[in-house]
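Report on one structure; see the data block that follows.
Chain A is the first sequence line, chain B the second, and so forth, proteins listed ahead of strands; every chain is numbered from 1. From a predicted model like this one, the values you see are computed outputs, not experimental measurements. Just so it is clear, the values below take in all heavy atoms, side chains as well, and ignore hydrogens, waters and symmetry mates.
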Amino acid sequence: MKLGSAFYRRDDVVLISRELLGKVLCTDIDGVVTRAVITETEAYAGHIDRASHAYGGRRTKRTEPMYAEGGIAYVYLCYGIHHLFNVVTSCSDTPHAVLIRAGQPLAGEEIMLQRRKKKAIDKTLLAGPGSLAQAMGITTALTGTSLQDGPIWIEDHGTRVHDEEFSTGPRVGVDYAGEDAALPYRFILAPR
DNA sequence: CGAATGATATACT
DNA sequence: GTATATCATTCGA
């Protein structure tokens with residue numbers, strides 16, 4: 001079933017990141033549906049997190065979607081090439097978000113291969129936030145769209161993720177964030 | 001290991 | 001309004 005607004009509007013972004021593991025990210029772009037199991041997430045704790053765009057209450061046109069009510073998408077173009085997909089959580093004026101870093105193909109593999117210009121499915125298809133977004137057809141045009149009735153949504157397929165099935169660790173690529181870079185805000189689903 | 005790549009933020013004129 | 005520094009990364013040597 002599709003996750004409702006109650007899931008996203010909770011205040012604990014770290015808890016939501018952990019619970020998103022094993023959930024299914026779906027997109028419907030130009031009438032083409034793709035699905036992928038989420039295997040890696042990172043929490044961005046809004047204004048108290050140096051790694052977040054909204055650190056210290058920074059509020060600009062770009063970060064505006066993060067300040068909205070939880071349950072929408074925040075897509076950002078990074079390094080001029082890569083689209084990064086985030087899920088906005090919590091309430092208005094609390095810019096918490098969860099970055100989806102990696103997944104496992106579930107449906108629409110052909111389309112993902114085509115978008116990534118690859119011939120065969122391998123571990124690199126959905127490895128890394130930029131590749132994942134590209135394979136799912138997510139672009140910055142989709143920032144601010146609803147996860148309830150938009151072209152992107154997340155489903156709960158009843159997968160239970162136990163404590164011993166995932167690991168935590170420091171986030172990737174955020175060295176500039178000082179002490180906050182060491183926080184264990186990264187969640188990795190480890191198959192067992 | 002290092003270059004590519006462009007929107008955005010911030011600091012200027 | 002215009003300029004330049006920066007970046008939640010990836011891919012190819």
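For the pair A:Lys123 NZ and C:dC11 P, the interatomic distance rounds to 17 Å; values are reported in whole Å. The distance from atom OH of A:Tyr79 to atom P of C:dT6 is 12 Å, rounded to the nearest whole Å. In this structure, the OH atom of A:Tyr76 is 10 Å from the C1' atom of B:dG6, given to the nearest Å. Between the P atom of C:dT10 and the CG atom of A:Leu126 lies a distance of 12 Å, rounded to the nearest Å. Taking atom CZ on A:Arg62 and atom P on B:dA9, their separation rounds to 5 Å, with Å as the unit. Spacing between atom CD1 of A:Ile81 and atom C1' of B:dG2 amounts to 13 Å, rounded to whole angstrom units. Atom C1' of nucleotide B:dT8 and atom NE2 of A:His83 are separated by 15 Å, given to the nearest angstrom. What separates NZ of A:Lys117 from P of C:dC11 is a distance of 12 Å, to the nearest Å.
OP1 or OP2 of B:dA9 has not a single side-chain nitrogen or oxygen of A:Arg59 nearer than 4.0 Å. Residue A:Arg58 places at least one side-chain N or O closer than 4.0 Å to OP1 or OP2 of B:dT10.
The cationic group of A:Arg58 does not satisfy the cation-pi geometry with A:Tyr55, failing either the under 6.0 Å distance to the six-membered ring centre or the 45° limit from the ring axis. A:Tyr76 carries A:Arg62 over the face of its six-membered ring, with the cationic atom under 6.0 Å from the centre and within 45° of the normal.
Within the nucleic acid shown, A:Phe85 has no heavy atom closer than 4.0 Å to any nucleic acid atom. In this structure, A:Thr140 reaches neither bases nor backbone, as no heavy-atom distance under 4.0 Å exists between it and the strands shown. Within 4.0 Å of A:Arg186, counting heavy atoms only, lies no atom of the nucleic acid at all. A:Arg171 comes within contact range of no nucleotide atom at all, as no heavy-atom separation falls under 4.0 Å.
Atom CD1 of A:Ile72 is separated from atom OG of A:Ser146 by 8.0 Å, given to the nearest 0.5 angstrom.
For A:Pro129, taking side-chain heavy atoms from C-beta onward, the closest of the listed nucleotides C:dC11, B:dA7, C:dT10 is C:dT10. Distances were taken from every side-chain heavy atom of A:Val172 (C-beta onward) to each of C:dC11, C:dT9, B:dT8; the shortest belongs to C:dT9. Ranking C:dT9, B:dA7, C:dT10 by closeness to the A:Leu84 side chain, first place goes to C:dT9.
Taking the charged nitrogens against the carboxylate oxygens, A:Glu155 and A:Arg35 do have a contact shorter than 4.0 Å, which makes a salt bridge. Classification of A:Asp163 and A:Arg18 as a salt-bridged pair holds, one side-chain N sitting under 4.0 Å from a carboxylate O. We find that A:Arg171 and A:Asp49 are joined by a salt bridge, their nearest charged nitrogen and carboxylate oxygen being less than 4.0 Å apart.
Enclosure of atom CD in A:Gln148 by more than 12 non-hydrogen atoms of other residues, nucleotides or ligands within 6.0 angstrom is indicated.
In DNA chain B, consecutive stretches of 3 or more Watson-Crick or G-U wobble pairs with both distances under 3.5 Å are given as paired ranges: B:1-4 with C:9-12, B:6-12 with C:1-7.
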